[in-house]
Amino acid sequence: MSIRTRIAPSPTGDPHVGTAYVALFNYALAKKHGGQFLLRVEDTDRQRSNPASERMIFEALRWLGLQWDEGPDVGGPCGPYRQSERSEIYRHHAEMLIASGNAYPCFCTAERLTHLREEQKAAKATVMGYDGLCRTLSPAEARRRRDAGEAHVIRLAMPETESMTVQDLLRGELRFERPQMDDQVLLKSDGFPTYHLANVVDDHLMGISHVLRAEEWLSSLPKHFQLYRAFGWELPVFCHLPLLRNADRSKISKRKNPVSVMHYRRAGFLPEAMLNFLALMSFSMPNEQEEFSLEEFTRAFEMTGISLGGPVFDLEKLTWLNGRYLRRLTTEQMIDRLQQHLLSPAYLGEVIPLCRERIDTLEAFFDYASFFFVGEVKYDPTALAGLIPKGRTSVEVAGVLQAMLEQAIDPLLEWNAATVETAIKEHVAVCGWAPKELFMTVRFAATGRAATPPLFETLAVLGKEVCRRRLRAAAEALRTQK
RNA sequence: GUCCCCAUCGUCUAGUCGGCCUAGGACACCGCCCUUUCAAGGCGAUAACACGGGUUCGAAUCCCGUUGGGGACGCCA
């Protein structure tokens, strides 16, 4: 039997290092056995899915060298590979489950469910989740209400048995108690499937043999087992990878770590080093070799060699490893790498128009434009003072920067002068400052200087990752200054 | 709160059916060497089997409990 694996990202934000990490293991498993590695876009959340995010995810994965054999852009025999284009398939399968008594329509409103949750929480109920109200409806009654056009979802009817035993390759048999497994929504009222349905249907239809995914999915494993059983399908092998962690051991998050692959690319990490490091998180080579290529990793990879402790994503070690790779490059190779990014004609072509009118000699360019080429900028006492508008406190400024980061910057997927300007101007209203107060603070934070090219163009060229990083660093500098 | 997962140096880990472990490697830190500087590189030092019970001639390795950490409990994935 051929080995087929997949990475199934949801295009709702920046390409995440966790996605890259899981993709790497899936890629290695498939390639090791001469199988296929697929890319499937899970864009069933109509509110949050975004084409810009999808593009960035493709770009990030390609940058890392994790090329897929089948996917939305390269096609394949099991397409379409974008779930939003497979609605009919899910609807059909949901109906099959209703017909076999394994699913039922649920007419409960969002309000009722919210209430239910609140009551359960207030009562400190040991059993959370859907109470199964609509499961008691007679098929005829349900049919009539559906035909009448009443809004509803389709829920999975979990078996009434006491408990359920499921398999994870690394953990063996796992036993779940029935009360924990409520009747999960399969088809939303907008007709789109939830993860659970789409995932199981697609994995089956696409011939996925091994599902390597993040540990956060472990608790929904019983639902997925039940789905396979209800359809009468053969199970793939499930293998849950430990979650990447922040230094405090919580699940890795952008509040505490740069999590966008784009950040690492811009910061000058080499894709080979990045991959090598990601592999080291939970896997070690048979001979304890620490530096290895994707090919070497692929050859040596065994699922059973995966460690289960949640690894802390240690930037220092990644940086060290990257240095090792960098030093191994020849001068020509390094020139090439630099010209691919910071010194690319494309990037210089954006920077120069902003600077040319403000310099008189070529060499002045390097001094004037230096902040376009470094990572974090230094906040000397002047810059630090400049960050704080008259009459404001450093604590207040740090708070405003932090809030702007989360509310205005993070959600921005399209990053250009116009979108940045809109976002920041909107935040002026939110924070209640005068426009020029916020603009100057942002200017100092993003560049370390009082004099720069026009703010929004500058931020646009710097890119989201760099802006994020510097704004956060500025907030941090303000908090720690005496 | 309920359920599930996890548990070796600060961090990533080796330890694969108990003895070869006075627990090995790597990052970070510290020291020394090299060196006009800074790196890099070399050498060395500090540093861990969470705790308590079993099983056994013998446990980091097996079992149970405790503690700790994490995740899940959405018409998000």
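Reminder, nothing fancy here: chain letters follow the sequence lines and each chain counts from 1.
- Residues from residues 136-147 of chain A that place a heavy atom under 4.0 Å from any atom of RNA chain B: there are none.
- Sequence neighbours left out, the pairs with a member in residues 261-284 of chain A that pass salt bridge (Lys or Arg N to Asp or Glu O under 4.0 Å) are A:E59-A:R265, A:E272-A:R337.
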Margin query: Using a 4.0 Å heavy-atom cut-off to protein, can you give one letter per nucleotide of nucleotides 61-71 of chain B, 5' to 3': B if the base is in contact, S if only the sugar-phosphate is, - if neither?
Written below: --------SSS
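- Residues from residues 82-107 of chain A with heavy atoms under 4.0 angstrom of RNA chain B: there are none.
- As a whole-Å value, the separation of A:L186 CG from B:rC76 C1' is 15 Å.
- Sorted by residue number, the members of residues 309-328 of chain A with any non-hydrogen atom under 4.0 Å from RNA chain B read A:G309, A:G310, A:P311, A:V312, A:D314, A:E316, A:K317, A:W320, A:R324, A:R327.
- Taking A:E150 as the reference, A:R145 meet the side chain to side chain donor-acceptor pair (under 3.5 Å) condition, with sequence neighbours excluded.
- Below the 3.5 angstrom threshold, one finds a donor paired with an acceptor across the side chain of A:R48 and the base of B:rC76.
- Not counting sequence neighbours, the partners of A:D410 by the salt bridge (charged side-chain N to carboxylate O under 4.0 Å, His left out) test are A:R468.
- Judged as a side chain to side chain donor-acceptor pair (under 3.5 Å), and not counting sequence neighbours, A:R117 has no contacts.
- Not counting sequence neighbours, A:W320 has no partner by the ring-ring contact (aromatic ring centres under 6.0 Å, His included) test.
- Considering only residues two or more places apart in sequence or on other chains, A:D73 meets the side chain to side chain donor-acceptor pair (under 3.5 Å) condition with A:R62, A:W68.
- Legend: salt bridge (Lys or Arg N to Asp or Glu O under 4.0 Å) pairs involving residues 292-306 of chain A, not counting sequence neighbours, sorted by first then second residue: A:K32-A:E302.
- Listed by first then second residue, pairs satisfying salt bridge (Lys or Arg N to Asp or Glu O under 4.0 Å) with a partner in residues 93-106 of chain A read A:E95-A:R146, not counting sequence neighbours.
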